[in-house]
Structures are given as structure tokens and as C-alpha cells.
Amino acid sequence: MTAEPQTAPAQEKEIRLKNSTLVKALWPFIRPYAWMLVLTTLLVFAVTFFELLMPILTQKAFDGFILPTAHGTGVSLGWIKITSFTRFCLIFAGITFTAFIIDFCQSIFMEYTGQKIILSLRCALFSHMTGLPVSYYDKNSSGRLVSRVAGDIENMNEMFTSVLVFIFKDLVLLLGILMVMFYLNGKMAVSLSLVVPLIIIGVLTFSKILRNAFRTIRQKVAEINHSFSEGITGMKVIQTTSSKKRFMERFALLNHEHFIAAIFQIKIFAMFMPFIGFLSVICIAVILWTGSFAVANQTLTLGELVAFLSYMKLFFRPLRDLSEKFNLLQNALASAERIILVLQQPKARERTTRNRSPLKNIEEIKFENVDFSYTPKEPVLKQINFTLETGKSIGIAGHTGSGKSSIINLLTGFYRPDSGKILINNTPHNSMNVKDIRSRTALVMQDSFLFSGTLRENISPGGDLKEDLLLETALNKANCNFLFEKFSGLDTRIREGGRPLSSGEKQLVCIARAFAFDPDLIIFDEATSYMDSQSEQRVHNAMKKLMKGRLSIIIAHRLSTIRECDRILLLRRGKIREQGSHSQLVTLKREYHHLLKREMI
């Protein structure tokens, strides 16, 4: 491989964002479904109302029928006077059934709303990632990026479908319980409300600790995903070099660090739950103590005491739910921070043409004194000068790290030069729309990549399925007749890794894709590496047909691959040491000549 940008250390950065920043960043994805959230909120209010109604109905049953007070038998529900216990039980059952129906509708609608938000967020994240500059992927492993789209989005899904609305519901329920308890008996409610500040302090304290714990957990999960992805990709190397033990030690260390972080989070949560339970026991003891004296003094009815106990049990149920949901919320917020960090990454700047017609054809390319570096003060290219015209070809040779592929990265707009000019048709490269340049360029890489799907989908440029006759013509020009003899032609199913095609066959398909693309500029980057002589010859023949009448750039380690090029650039340490045709460079009997002799031995 030629010189490529240095990747950043495989280390996840610690991310800390304010909750207000998270809400602001997520709001564009929530806003289209705000009306759904409003409807869900109204249903939550209805469900909460029925939950608050149940203890009051229980009190009415005790004081009106089971142990009637001095007011006599019967109860009043609003303007309705009920004297029959049977009728009261039927109404109670009807209210319970209505509450069930509303709760069911609320749950379904809430899940639907959450899934729509997640659908929008996942598509937006993937769309944003496709527009990020190549340098971003040079610095971030695929394992970490997959964890953003898969694991972190799934945590967000949990937040929108099972956490946010339930937290809101529980908070409304808590407020409603306090209001009803003050309505029933103000003195007892005041004594119990003294516990609320302790609960708020406890929740805020544990929330801060849990957020930090979940940040660490998500960081370790991303590192594990990266290590696992790296291991799967390099499994052949691991097995053939007997490096399994070393790799497993590193993988086990990452898992142990994740284990320590998870245990710490469990310990914090295990302290929080008993704390809530302890407050619950204290409150119930206070109600029983003060309530029993109030009932004996006839300042409180038995039904009201039972209602108080019911409300107190109901009061701590949402608190326990909040504790569990808070666990999920902190995990989701930690994931949201990482997703937003990706969404905040600036996209590759898409240059647009101003006062200039779009690029229709690439007829000439010039590099004038181009300098470039991936990292400051570490130059990769120095004073690069060459010209390429239609129908001509340039071969670029040099040792690994000499800067061959960096020239292609600049030409295709993945990076910008530090100084100098790149001209296309005598127009500065940086003033042109990079999409126009790429739409007229085809790239055949060393690692030929085919997507899973049919062969037709793989060679159709831009996903625009053209006529079969055009695609079959492209296959024939690229010497892909074997696809009709051994496989199913355009309907051949391509699996992961390009199976069932060999490396040479995959490369021929990539050349066929270039034929179908019909570019002005064709770039071959080590296109014949890792091939046997027979496959290499077939690829060379296809390359010659593709290069005819086009601008061509061929990058190669082996000089035999580029000896027929009109001009050859020999790079060393980012500089052009020699340039000319094959015969001219051989006549000079300098570095190119010595490399050629060494290759022929």
C-alpha cells in the first residue's frame, strides 16, 4: 500500500455535554412528531387520573358500605348518589376497564412515536456519516462507528419508547398524589412531604454518578467493538501467526475494564434502590402511627387511612420505576452524547460552482508545485508537477510511503493541498464542484470491493439500473464472459467479501463497473496486486480497453505494470525523482533503471 494518513490512537474520547445541548441537538428529530407526543401526553394525563381515582374509590367503599360512617350508607360520585354496593362495584369495574383501554392506547401510541423518532435519527445519522470527509474515517475505526449506529441508537430507542414518557407519567403521578393527600388530610401530608427534599437530593446525587458510570461503560463497549472488528478482519493473520494468545490477552483486558465499570454502576444502583425503599418504610410507619390515633379520635375515617396507605404505596411505586428508568435514561444520555458528537462533525465541504457552467468533461489535469501533509510539519508530497491530457496515461511508481495514493486523494477531493495548484481544464480544482469531478472519474482500487446483492446492482453506476444490454456490453469489454459461463450473468448473487468470485474476477467486475460509468478519468490504484499471472493478463487487457481515449493514472509497485504509460513518475519520499517515458528513463540509467533491473532478477 502507498502512503496513507496516519490514524489517530485507538482511544475513545471522553464526552460531556449539557442536557440542554442534548435536547437542542435532538429536537429537530422530535419536532415532526411533536403532535404525537402531545397526544401521548394527554393520554398519560388520562391514565394518571384513573390511577389517582382508585384509592379514592377504595375509601368510598370503606366509608360508604363496608364500615359506614355517621353520614349513613352510600357514596356520592360527583352528582351521582349510589346506595347499592353492587352498582358501586359495577361502576368500579367499568372505570378499571376504561383505564385499561386508555393505558393500552397510550402504550401503543407511545411506542409508535418513539419508533418514528428513532427511524428518523438512525437515517439522519447514516446520511450524515456518508457525507463526512475521508479523513474522519482514517481516524476512527469501523468498530466504533458501528457501535454508534447500532448500540447507541438502540439505547436511544429505549429512551424514547420506554423512558421519557414513563418518567413524565411518574412525575405527574407523584404530583397528583401529593395534591390528593393534601386534600384528604393536610397535617399528615405536610409531615410526609418533608421526605420529598431527601428524595430530590438523592436522585440528583445518584444521577451525576450514574451518568459518569455509563459514559465509561459506553467507552469500553466501543473499544470492545473496535477490537472485535479488528480481530474478525485479521482472523487469518491471528491464526497463521499464532498470535491468538496476545490478541486474547488484549481483548480480555478490555472486557475486564468493561466488567469493572459495569460493577461500579451496579453498586451505585444497588445503593439507590434500598435508599428509596428505606424512605418508603419510614413514610408508611408515620402514616400508621399518626393515622391510628386519628382514627381512634374520629378525626380520620378508616377509609381515609386506607386511602392514605394506598397513596403512599402508589407514591413510592413511581419512585422505584423512576429509579429503574433513570438507569436506562443515564445509559441513553451517554449514548446520545456520542451520537451527537458524530452529528456535530462537519461534513466534507462540497464546493459549488459560481458564475461558471458545470464540468462536462475532464480534458486536462495539471499539478503545479503541490505540497501536502496529513499532519502538520510532516510533508507527504513536495513540489509535485505534471500534466495529463485526454488519451494519455501516467504511471506513478515508488516505494511504500512515497505518496502515490496521496496524489489520488487530492485529485478526487478527499483532501486539499497545503500549497500549489491543481487545475482541471485550466480551472482551479478548489473552485469546482467536487461532485462534478467525481462524476467524471472512475477508481479501480487495490482491494476490489463489491456490495452484497446482484451483479446488476454492483455495476450500475449510482444505483441507476440501466438497460441489461448496456451492462452486458460493459461486462464483455471487461473480459467478464466467465460470469455468463460459470454463473448467472447479471443475476449472479454477490455475497459478503465478493464471494463466490476470485480476486481477479472481482477486479474485472470493478473494471466493468467503470465501463458502465463511462468516465473521462480512470484511476488504477494497485489494480493488479495479489493476482496470478493469468488473471493479471486478463485485467491488463481490460485496463487497456478502458484507458483508450481517456485520461489514465496507474499506480503500481511493479514497473512492468506501467511501462506502456506515456509518462512515468518515480516518487521517493514525496518528491518526483524522475519522470519520462519508459524508454527515456531506461536511457538515463538512474534510479528507475536500477529498480527495473532489480525487478527482472
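Residue indices begin at 1 and follow the sequence shown.
Using a 4.5 Å cut-off on side-chain heavy atoms (C-beta onward), Thr454 and Thr492 make no contact. Side-chain contact between Met54 and Thr96 is present, with heavy atoms from C-beta onward closer than 4.5 Å. No side-chain heavy atom of Val509 sits under 4.5 Å from any side-chain heavy atom of Arg513. Inter-residue side-chain proximity for Leu381 and Ile407 is flagged as met; some heavy-atom pair is nearer than 4.5 Å. Looking only at side-chain heavy atoms (C-beta outward), Ile217 and His258 come within less than 4.5 Å of each other. Residues Arg122 and Phe29 fail the side-chain proximity criterion, which asks for heavy atoms closer than 4.5 Å. No side-chain heavy atom of Leu39 sits under 4.5 Å from any side-chain heavy atom of Met36.
Under the rule for a side chain to side chain donor-acceptor pair (under 3.5 Å), the partners of Ser373 that lie at least two apart in sequence or sit in another chain are Asp418. With sequence neighbours left out, Glu505 forms a salt bridge (charged side-chain N to carboxylate O under 4.0 Å, His left out) with Lys486.
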**Request:** Apply side chain to side chain contact (heavy atoms under 4.5 Å, CB included) to the pair Ile95 and Leu53, showing each step before the final yes or no.
**Result:** CA-CA 9 Å; Ile95 292 174; Leu53 188 61; 4.0 Å; yes
**Asked** Does the side chain to side chain contact (heavy atoms under 4.5 Å, CB included) test come out yes or no for Val47 and Val172, once each step is laid out?
**Response** CA-CA 10 Å; Val47 171; Val172 171; over 6 Å; no
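No more than 12 heavy atoms of other residues, nucleotides or ligands sit less than 6.0 Å from atom CZ of Arg573.
How far CD of Glu111 is from NZ of Lys116: 14.5 Å, rounded to the nearest 0.5 Å. Expressed to the nearest 0.5 Å, how far OG1 of Thr113 lies from CH2 of Trp35 amounts to 7.5 Å.
Between the side chains of Tyr374 and Ser406, at least one donor N or O lies within less than 3.5 Å of an accepting N or O. For the residue pair Thr375 / Glu378, a side-chain donor-acceptor distance below 3.5 Å is found, with atom types taken as modelled.
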